[in-house]
Participant: 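Right, I'll just put the structure down here and ask away after.
Note that the numbering runs from 1 along the sequence shown for the chain.
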Amino acid sequence: MFDKAKQLMQLQKLQSEIKKKLESLTSYEEKGTHSVVVTGDKKIQKIIVNGVEDKVLRDLINSAMKKMDTKIEKEMKDKEEELKKLYGF
C-alpha cells in the first residue's frame, strides 16, 4: 500500500513538472499587422492587432478553449467508462 502511495506522489510531482514546462514554452506568430503569443498549454498570452493588444479577444478565445477542454474531458471520461464495461474492468 505504501508503494502505491509513493508511486502516486511521484506521478503527481511529474505531472506538476510537465505542466510548468508546458506553461513556460511559447510560440510567436506574426502576419502583417497581426501577431499572437501562445503558451505550451495552449493558452493565448497576447493578441496584437494593428499594434494594439486585444485583451478582450484573448480572454474570449481562452474562455472558449477552456470550455472545449471541459467538454472533451467529459467525452473522454464517458468513453473510458464504456471501455471499462466492455472489457470488464
Side-chain angles (χ1 to χ4, degrees):
M1 187 69 167
F2 180 71
D3 287 339
K4 293 283 185 189
K6 186 176 178 181
Q7 287 175 339
L8 180 59
M9 287 176 50
Q10 289 173 333
L11 178 61
Q12 289 171 335
K13 181 181 177 187
L14 182 59
Q15 287 174 327
S16 178
E17 290 171 3
I18 291 169
K19 184 177 185 238
K20 286 179 185 177
K21 178 67 176 174
L22 290 176
E23 289 171 349
S24 72
L25 297 173
T26 61
S27 177
Y28 173 82
E29 290 292 324
E30 183 176 352
K31 190 167 188 174
T33 60
H34 296 70
S35 63
V36 64
V37 178
V38 180
T39 58
D41 57 348
K42 297 184 181 179
K43 292 183 181 160
I44 296 175
Q45 196 174 54
K46 191 179 283 191
I47 295 177
I48 299 175
V49 179
N50 298 322
V52 178
E53 186 175 359
D54 192 335
K55 292 179 181 180
V56 173
L57 181 57
R58 177 202 63 198
D59 293 345
L60 180 66
I61 294 170
N62 283 335
S63 177
M65 294 295 282
K66 187 173 182 177
K67 286 179 183 177
M68 183 54 67
D69 284 345
T70 301
K71 289 179 182 182
I72 290 170
E73 192 175 302
K74 183 185 180 315
E75 285 293 320
M76 294 300 287
K77 188 169 185 160
D78 291 346
K79 295 299 178 193
E80 180 182 357
E81 292 301 319
E82 287 179 34
L83 286 172
K84 284 181 181 177
K85 288 178 186 175
L86 183 65
Y87 292 102
F89 292 111

Participant: Could you measure the distance from the CD atom of E73 to the CE atom of M68? Nearest 0.5 Å is fine.
Facilitator: 13.5 Å

Participant: Between atom CE of M76 and atom CG of D78, what is the distance when rounded to the nearest 0.5 Å?
Facilitator: 10.5 Å

Participant: Output the distance between atom CG (D69) and atom NZ (K42), rounded to the nearest 0.5 Å.
Facilitator: 8.0 Å

Participant: Are V36 and V56 connected, step by step, through hydrophobic side chains (Ile, Leu, Val, Met, Phe, Trp, Tyr) whose heavy atoms are closer than 4.5 Å?
Facilitator: no

Participant: Taking atom CD of Q12 as the centre, report whether more than 12 heavy atoms of other residues, nucleotides or ligands fall under 6.0 Å from it.
Facilitator: yes

Participant: Do any side-chain atoms of residues 15-26 form donor-acceptor pairs under 3.5 angstrom with protein atoms, and if so which ones, sequence neighbours left out?
Facilitator:
| from | atom 1 | to | atom 2 | distance (Å) |
| --- | --- | --- | --- | --- |
| K19 | NZ | E23 | OE2 | 3.3 |
| S24 | OG | K21 | O | 2.7 |

Participant: Quick one: do V49 and V37 end up in the same hydrophobic cluster if we chain Ile, Leu, Val, Met, Phe, Trp and Tyr together by side-chain heavy atoms under 4.5 Å apart?
Facilitator: no

Participant: Can you measure from NE2 (H34) to NZ (K31) and round to the nearest 0.5 angstrom?
Facilitator: 10.5 Å

Participant: With sequence neighbours excluded, what pairs up with K55 under the side-chain contact (heavy atoms from CB on, under 4.5 Å) test?
Facilitator: E53, R58

Participant: Side-chain heavy atoms under 4.5 angstrom apart, residues restricted to Ile, Leu, Val, Met, Phe, Trp, Tyr: same cluster for I48 and I44?
Facilitator: no

Participant: Would you say Q10 and L14 make side-chain contact, with heavy atoms under 4.5 Å?
Facilitator: no

Participant: Verify, without hydrogens or angle tests, whether T70 (side chain) and K66 (backbone) share a donor-acceptor contact under 3.5 angstrom.
Facilitator: yes

Participant: Suppose we screen for side-chain contact (heavy atoms from CB on, under 4.5 Å). Which residues come up paired with K43, at least two apart in sequence or across chains?
Facilitator: T39, D41, N62

Participant: Working to the nearest 0.5 Å, report the span between CD1 of I47 and CG of D54.
Facilitator: 6.5 Å

Participant: Would you find more than 12 non-hydrogen atoms of other residues, nucleotides or ligands less than 6.0 Å from E30 atom CD?
Facilitator: yes

